[in-house]
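Have a look at the structure below, then the notes.
When a residue number appears, it is its place in the shown sequence, counting from 1.
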Amino acid sequence: MGKIIFPAVLSFVFIAIVNCTPSRREPSINAIDSSLFTIKYAHGFNVSNHGSYKMVEVTYPYQGASSGYTYLLVQKGEPIPAHDPSTPVITIPLESIVCTSTTHIPALDYLDETDALIGFPSTDYISSPKMRTRIDAGKVKDLGMDKGMNLELLVTLKPSMVMGYSMNNDLGQLKKIQELGIPIVVNAEYLEKHPLGRAEWIKFMALFFNKEKEADSVFRLIESEYNNTRELVKAVVSAPTVMSGIVYGDTWFLPGGQNYAAKLLDDAGCHYLWKEDPSNGFLELSFESVYAKAKEADLWIGVGSFRSLAEIKAAEERYARFKPFREGKVYTYNSRQGAKGGSEFLELGYLRPDFILKDLVKIAHPELMPDYSLYFYGKLK
């Protein structure tokens, strides 16, 4: 399923499918210009290119990690260089892949490698129209929920590699997959603090397909769109105050002041009410403390899976006391859903923070983008 990390769903774990004809081209080694491969915003991985092979390191694979994972990517037909026996060897370009997070799907689409995906846990979560066409044709097998993944079916698929993510050092299902002899790689994009840092992980996916040039081109466009939008709000003198999150159990979860979500709000010219908080994770506060600080907020952005104001009030009558609720200024990021109900935001948002930023600017400063229509976000009624 998608990378739906419990507290992240409560606020907004940020996250146009390009129209291109899938193909299985294999660029030559000489076509890869290593000088193009620079990492500007992402801090979780690095790579050294040696022509016939690449050394890739995921430096921060999970929260609290004290060391990373290294992978040796060897071009098909080339000899395997001397290496540490504990370093996994992966032949590239990949012929097939199994992914475990919907956030990996857009990277395949944008790199013109949609056809490489052959398996996924719970395919209903995938929203990409291109990938849904493959799913409907039976070309992407549903492997079941993450923890109950059908490992027997996975083995029969014989993927070149499984790309997953981990919350801790035991790797969970990924370790079991590795023990079956299938190469696994950890993708830690969700730990990046900068929105463009998460988007830059398309370059990580590109390494396994020899698509560095394509990834660089895609990322440059996203970076340009993001930074151009951010420039629009530089002259804004009045920033609307923003609250976020909802209550689960007895606790209100919301982004810390240095969180990815808070960064997007700041870049959109908003005054996030917890922006002075030094944490980059998620805060767990009482309803009363949130109400005391945010009862007169201008906007409420990020309300979990609620689809209407009536649903919000039914879940917790006290929500109706907040000014944004009374004035109808409550926004969800789930206005776009795939054919089977998957969240396009949770799938595409990591790669396209520029879409998210434009939405937030439109919400906070509509006069700056009069002709723009919201993409991910929608106002609840």
Side-chain angles (χ1 to χ4, degrees), residues 1-4 15-27 76 90-146 148-165 173-174 177 180 182-185 187 189 199 201-211 214-215 217-218 334 336-352 355 375-376:
M1 61 186 288
K3 193 182 279 93
I4 305 179
I15 294 216
I17 301 298
V18 291
N19 295 315
C20 51
T21 304
S23 65
R24 305 296 300 139
R25 297 186 300 273
E26 295 183 359
K76 188 179 300 182
I90 299 169
T91 301
I92 58 170
L94 298 179
E95 293 183 356
S96 61
I97 189 172
V98 166
C99 295
T100 62
S101 171
T102 57
T103 60
H104 304 160
I105 303 303
L108 293 175
D109 282 344
Y110 276 65
L111 292 173
D112 198 13
E113 291 293 343
T114 305
D115 286 355
L117 188 74
I118 59 173
F120 190 86
S122 303
T123 55
D124 282 355
Y125 286 100
I126 295 177
S127 300
S128 158
K130 293 169 65 179
M131 202 63 81
R132 291 233 58 89
T133 297
R134 283 182 51 74
I135 294 169
D136 294 342
K139 296 178 179 179
V140 180
K141 300 300 182 183
D142 191 316
L143 298 172
M145 295 295 287
D146 284 350
M149 189 184 298
N150 187 335
L151 298 183
E152 291 184 4
L153 177 56
L154 176 63
V155 170
T156 65
L157 293 178
K158 299 180 180 179
S160 302
M161 187 185 85
V162 172
M163 181 174 286
Y165 62 95
Q173 283 287 77
L174 292 180
I177 294 169
L180 293 171
I182 301 172
I184 63 147
V185 166
N187 182 319
E189 61 192 353
W201 277 74
I202 190 173
K203 297 179 181 180
F204 180 78
M205 180 71 81
L207 293 169
F208 299 90
F209 295 96
N210 288 338
K211 291 287 185 76
E214 290 84 346
S217 178
V218 170
N334 267 335
R336 297 177 71 96
Q337 295 187 334
K340 296 290 186 176
S343 169
E344 288 197 25
F345 179 88
L346 294 178
E347 179 171 312
L348 183 60
Y350 277 17
L351 183 60
R352 297 308 304 258
F355 288 0
Y375 187 83
F376 288 123

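In this structure A215 satisfies the side chain to side chain contact (heavy atoms under 4.5 Å, CB included) test together with L111, I202, K203, A206, sequence neighbours excluded. In this view, T91 satisfies the side chain to side chain donor-acceptor pair (under 3.5 Å) rule with no residue, not counting sequence neighbours. Scanning for side chain to side chain donor-acceptor pair (under 3.5 Å) contacts around D142 gives T123, with sequence neighbours left out. Under the ring-ring contact (aromatic ring centres under 6.0 Å, His included) criterion, F204 pairs with F45, W201, F208, not counting sequence neighbours. Applying the side chain to side chain contact (heavy atoms under 4.5 Å, CB included) rule to K139 yields the partners R134, A137; only residues at least two apart in sequence or on another chain are considered. Among residues two or more places apart in sequence or in another chain, the side chain to side chain contact (heavy atoms under 4.5 Å, CB included) test is passed with D124 by R132, K340. Contacts of S343 classified as side chain to side chain donor-acceptor pair (under 3.5 Å), with partners at least two apart in sequence or in another chain: N334.
Side-chain atoms of S128 come within 3.5 Å of backbone N or O of M131 as a donor-acceptor pair. Panel note: side chain S160, backbone S96; a donor-acceptor pair is recorded below 3.5 Å. Side chain of T103 to backbone of Y350: no donor-acceptor contact under 3.5 angstrom is found. Listed for the T102 side chain is no donor-acceptor partner under 3.5 Å among the backbone atoms of I126.
Residues L117 and G119 come closest through the heavy atom pair CD1-O, 3.5 Å. Taking each heavy atom of C99 and H104 in turn, the nearest pair found is CB-ND1, 3.6 Å. Residues D112 and K211 share a closest heavy-atom pair of O-NZ, 4.0 Å. The shortest heavy-atom contact between I90 and P183 is CG1-CB, 4.0 Å. When every heavy atom of M145 is checked against every heavy atom of P121, the shortest pair comes out as C-CB, 4.4 Å.
Between F355 and F376, the ring planes are tilted. Angles from 30° to 60° get that label.
Of the inter-residue distances, the one linking I184 atom CD1 with Q173 atom CD reads 11.0 Å to the nearest 0.5 angstrom.
In this structure the side chain of L108 reaches within 4.5 angstrom of the side chain of M205, judged on heavy atoms. I92 places none of its side-chain heavy atoms less than 4.5 Å from the side chain of K76. When side chains are defined from C-beta on, Y110 counts as touching L348, because their heavy atoms get closer than 4.5 Å. With a 4.5 Å cut-off on side-chain heavy atoms, Y165 and T100 count as touching.
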May I have the step-by-step check of side-chain contact (heavy atoms from CB on, under 4.5 Å) for V185 and M161, ending in yes or no? CA-CA 7 Å; V185 166; M161 187 185 85; 3.4 Å; yes
Set out, in order, the CA-CA distance, both residues' side-chain angles and the distance that settles side-chain contact (heavy atoms from CB on, under 4.5 Å) for V98 and I118, then state yes or no. CA-CA 6 Å; V98 166; I118 59 173; 4.1 Å; yes
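In this structure, a donor-acceptor pair under 3.5 Å is absent between the side chains of Q337 and S127.
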N/O donor-acceptor pairs under 3.5 Å from side chains in residues 148-159, not counting sequence neighbours:
unit_1 : atom_1 : unit_2 : atom_2 : d
N150   : OD1    : E152   : N      : 3.2
N150   : OD1    : L153   : N      : 2.9
T156   : OG1    : L153   : O      : 2.6

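Under a cutoff of 6.0 Å and an axis angle of 45°, R336 and F345 do not form a cation-pi pair.
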